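Within every chain, numbering begins at 1; the chains are lettered A, B, ... in the order of the sequence lines, protein sequences first and strands thereafter. Just so it is clear, the structure is predicted and the values come from calculations on it, not from any experiment.
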Amino acid sequence: MDFVTFFALAIPLVVIAIMVIAHPSPVYSALFLVLTLFLLAVYFLFLDAHMVAALQIIVYAGAIMVLFLFVIMLLNLQSDTQPTPSRGLGRAAIIGGVILVAELGLLLQRSSSEQAESALPENFGTVEALGSQLFTTYLLPFEITGILLLVAVVGAVVLAKR
Amino acid sequence: MIDFLITFSLTLLMVLMVLNLGGLLLWVERKGSAVLQDRIGANRAAVFGKLPFNLGIVNTLVADPIKLFTKEDFVPQGADKLLHTLAPAIGLVPLLVTFIVIPFGDVLIIGGREITLQAANLNIGILYVLAMVSLSVYGVVLGGWASNNRWALLGGIRGSAQMISYEIPLGLALIGVVLAFGSLDLQEITRAQGALIGGWIPAWGIVYQPVAFLIFLAAGIAESKRIPFDLPEAESELISGYFTEYSGSKQAMFMLGDFVEAIIVAGLITTLFFGGWQVPFLLRDGFHFPWGGTLALPSLLVTLLQVGAFTLKVLFFCWLQIMIRWTLPRFRYDQLISLGWKILLPLALANVMLTALIILLFE
Amino acid sequence: MAEADILSHIETALSGTIQEQHSSHGNDTIVIDRDDLPTVLSQLKEHPDFAFNLLLDITGVDFFGKEPRFEVVYHLYSLTHNHRLRVKVRLTEESAQLPSAASVWKSADWLEREVWDMFGIKFTDHPDLRRILMYEEFRGHPLRKDYPVNKRQPLVEERDPITNPWHKG
Amino acid sequence: MAEAAAPLLGAQKDVAEHDPTSEIMELQMGPSHPATHGTIKLNLTLDGEKILNCDVEIGYLHRGFEKMCEQRTWNHCIPYTDRLNYASPLINNVAFAITAEQLLDVEVPERCQYIRVIMSEISRITDHLTCLGMAATEAGAISVGFYLMEARETLYDLVTAVTGARLTVSYARVGGVMHDLPHDFAERVRTAFTDMRRILSDCDKLLSKNRIFIDRMSGVGAISPEDAISYGLTGPLLRATGVPYDVRKAQPYSGYDRFEFDIPTGTQGDNYDRFSVRFEEIRQSMRIIEQALNGIPSGPIRIDDPQITLPEKKQVYGNIEGLMNHFKLVIEGVKIPPGEAFLSVEGANGELGFYLVSDGSGRPYRVRVRPPCFFGMAALGEMLRGCLISDIITTFGMVNMIGGECDR
Amino acid sequence: MDQYVPVLIALILGGVVALVMTFASTLLGVKTHSAVKDEPFECGNPPSGSAWGRFSVKFYLAAILFIVFDVEVVFLYPWAVVFRQLGLFGFMAMLLFVLVLVVGLVYEVKKGGLEST
Amino acid sequence: MVPISYHLILSGILFTIGVTGVLLRRNIIIIFMAIELMLNAVNLSFVALARHFGNMDGQIIVFFVMSVAAAEVAVGLAIILLVFRGRETVNADELNLMRW
């Protein structure tokens, strides 16, 4: 991944991510988030994570965000008419943000002397590689995920049916 | 550079093919329904007057866009103007880019250069299709919501509930095929279907996965929102559903989107279940009949035959969808949901597990 | 049951309430007083010998210039006995109102609304007496004989469903 | 349409309208909606897809039929009756004429009775075909709808051959009918019926045995026999609940007692029963027509009384009495003695009654129609409660409201 | 990365098509406005307020099932591809996973989560 | 080649944006979306590190993060629906009661 591609993706990503939290209307926020996720998927492609990129779109952009949009529509959440948060909180957020970015800048300076990337295995990022590892090394988490999803269905149905 | 040009022209070809097929389907739908219903059908757009042959196709392809593009563009009061404008594009673009992964031929050999007749050879081909189809649901949701119209909202919500409900059986039906062929790459799957079972029967997906084919057909028609699954736009119920407040070229985009989806479904059925560009017994150097005869053919002719076979198969499945559309009555919302979740989904899951079991036992 | 039978039978069963009875052109008719209407109608429906379970029609006739001016006509039919009966109530213009039959037959609901709409005859305990064929702002009652056949109505404004929603009468 | 502003009402609705947390949606369906053919408006209260309440509003097609008739002579009312149930105009014609004849205490010749029966039954079939065809179309089975329209068209050709018009037939007259049947009528009916039977069996396979269609229709819009009677439902709507009431059998008119036919009934009172009852009635009507064509006697087609029916053209041009009779009948109308009569016939949608009051002048003093679908519409709100939005279309289709008749 | 170049090209082409079609009517069509015409269509009646109100949550329940089974489907894809290597072991692992989720489906169906009435 | 730190910094920035959103916005749905943004920022660093070390583990973790996110969203949005169905507001500040 070269610098041109990186910045061509990173700058829109950051701008759109800011729009997610800055836009007053939840519908637009959700759509900006979809866009962020889509760009991230493209980003994953450049990081040789093809399967994850597809997943990002299918699961995140295609399913989770549809659910968000559904709830926004069902609850009629229009514009954010709530009062702005207390000043202290706002200030804390901004200060915290600045510190974090500054820290990252520091990190960037330090890391200029990092070691080179490891060589990529033959089938890195392919479905086969992912699948064979997922269903051997990570079999237990995989089964637990199933149970987690079951719990989610039960929980959501119980809650929404009330 | 020449590689890029080849890629570019292949992609352009696929996009144009989808667009033109969309227009063609519109005409086939009109004339086809007319044939089915003992009517004459669309016959007004006649450039050359009363010729014995009416250039219906040409006229429809030209006259319809002209008509739709010169209609007034309408945004209702109180609607979200930006989203109302964007929604058709959001719905259409993911569909337009889906078709490029479908291989329409084996290889074309020109000047010693082997060109794979597939615009985008992705190793996650099937997942790409699923991803793009799952994005197109936004067009429906946003179109319905942004119009600020109750009918549109109902249509949008019905539409999104329907599309997400049938995405699961659609995906599961494909898994059966993936299991059978062990690949996500559409070109590879197509090539694998060139084999013969017992020397006679082409190893098409339909032979391995007949249940998956039926599930895929049903779910695919549901995704393209056509009768019997046209609830989101059911004219007699919701006026036009999510595109009630659309006019002119924006409405044309929604209509085109449905046709493109039908073409994608036809293309995928062809590729996954009916051998794609495979012609039975036709290999790269000509026909090898199971009864022993061979017929050598030049490679260009073979390629042409394959592309022709692919096109014919796609057209046939488009036509099949149109015939279904004009034959069956529409589902009701609760029937639709229970068909999707209580019948197709368990069936598809059972099909996947059964396929896996059979593979386990016999290989 | 022969036609004459019904009338005489009704005469005995509902004695004292029937002001007038006759049979013409195959239709048996009784005329009753407004105050007796609810009892007579429910008797006619409930009594097993009559069992007029189908209320075919309610309509009005305007004898403009005569007194009493209005007649409200009920046409009843019995599915069990296959006989018909016409019940009439005469009303003067000043007191053009009578009790509703909506609690006896559900079909009376809309029929009475139509009589109110067309003749301006009020049904006092009707659950939802509003115009049915004409619009709310319509002035007059068109089937009265003194309503000119070519009368024009003033243009009404479009109803704003926000300030004056449809279910807020 | 000024009517569009009409409001409505029911004060008893308890839905809190401006409560922003309410999940109840209000929706106005009609008058300009693809499925509300006949122009009605349904004010729906919805919870998602489910109908909590449905307030039916009619009157959009009100043209003052009763008031208009009071301005015209008796025979002039006949064309107005065409416009009542425009899917089966001949039945309306006949009903009006029979009631007027009742007031006159006359009986039409036997041939005329047969002709009236034949034409009424043809009209009944066209009405049922229209109803079923539209129901199929609205349920999405557009091709089946076209097939049924094709069948209807063959019958309209017959109607045209007899009356000269497809819909605005104005065929019956007080004391007879306008024309005799064309000489090859029986032949043409038989050809048409061959086509009809083929189309009907096609539609039977395509629609009435279609799983999706059956699931959509059965159990939907059901009403109990008690409620149906209380709502005054008649015709296919009542018969679908299992009550075998048919005016043609119960109180035969125009010689219906001469013919053999069955009264199809349903059991559930739901849309599928209504559909099947109508489908079967088409076959029964064809049976009646075939019997009538076999047994039709020759003879006059109207009463030979110059006070009631127009004299022969030869008489009008040839002698002064004929001319005077013609003149008086046309200008003053049939002089019907003072009196009143209520008579009902079996219309395509149910019992179609005319209540006529005469004051002895040449014009009716009061004309009242008992429109069958008015009662169906009154019950529609109750039938729909608890159903889904899609059920409105099938139920409304099966109630078969005809605006011209319901709103008059 | 090269394999995705056609996708980019197609996106651009599709974008152009969408752009042209979105604005064709705006540019070519006539424009007339009137108060009544600009109203959202509600069958010829003045609209009964904004359509943006709360809506029945029944639709949400189908969406929950969707999200769960969508995750299942994406887990199934890598499994299907490598199934021949995994053998019986992989089959049992997935069978367990699928059964767990089917329990969820059965639960929701039993709870009436998919009923629309 | 872009060094790994660039990816990590981008991930950090996205995460910060998410945190800021949680702190600044009062609309609970938007807060929820900001959380999703944070999750994605973490996913990004996982994928980048997987690439950096040539090891598939990072990508597989992303798989699980997504599944957990799906479960979380299903339940979380159900809670939001339940809490706000009977109320006019979606303001998180007004949600200070542990009952509804």
Given a strict heavy-atom distance threshold of 4.5 Å, which part of [X] is in contact with chain C: side chain, backbone, both, or neither?
X        : answer
D/Glu340 : both
D/Val56  : both
D/Tyr231 : both
D/Met68  : neither
D/Glu351 : side chain
D/Leu233 : backbone

Tell me whether [X] forms a cation-pi arrangement with [Y], defined as NZ or CZ under 6.0 Å from the six-membered ring centre and within 45 degrees of its axis.
X        : Y        : answer
D/Arg408 : D/Phe374 : yes
D/Arg370 : D/Phe375 : yes
C/Arg113 : C/Trp110 : yes

Max heavy-atom pair count under 4.5 Å with chain C, selected residue of [options]:
options                      : result
D/Ser344, D/Pro372, D/Gly353 : D/Ser344
D/Gln102, D/Arg368, D/His62  : D/Arg368
D/Glu382, D/Gln71, D/Glu226  : D/Gln71
D/Leu103, D/Asp227, D/Val243 : D/Leu103

Worksheet item: Between CD1 of C/Ile58 and OG of C/Ser107, what distance do you get to the nearest 0.5 Å?
Response: 6.5 Å
Worksheet item: Out of curiosity, D/Ile308 CD1 to D/Ile336 CD1, how far, rounded to the nearest 0.5 Å?
Response: 8.0 Å
Worksheet item: Among C/Thr29, C/Leu55, C/Val61, who wins on heavy-atom pairs under 4.5 Å with chain D?
Response: C/Val61
Worksheet item: For chain D, which of C/Glu114, C/Lys45, C/Met118 has the most heavy-atom pairs under 4.5 Å?
Response: C/Glu114
Item to complete: Verify whether one side chain among C/Tyr77 and C/Asn53 offers a donor that lies under 3.5 Å from an acceptor in the other.
Response: no
Item to complete: Would you kindly say whether D/Asn349 and D/Asn400 are connected by a side-chain donor-acceptor distance under 3.5 Å?
Response: yes
Worksheet item: Where do D/Val357 and D/Trp74 come nearest, in terms of heavy atoms and distance?
Response: O-CH2, 4.2 Å
[X] portion near chain D, given a 4.5 angstrom heavy-atom threshold:
X        : value
C/Asp62  : backbone
C/Leu79  : side chain
C/Arg131 : neither

Worksheet item: What do you reckon, is CZ of C/Arg139 surrounded by more than 12 foreign heavy atoms closer than 6.0 Å?
Response: no
Worksheet entry | C/His83 vs C/Phe52, ring pair (Phe, Tyr, Trp, His ring centres under 6.0 Å): CA-CA, chis, key distance, verdict | CA-CA 8 Å; C/His83 53 216; C/Phe52 286 106; 4.8 Å; yes
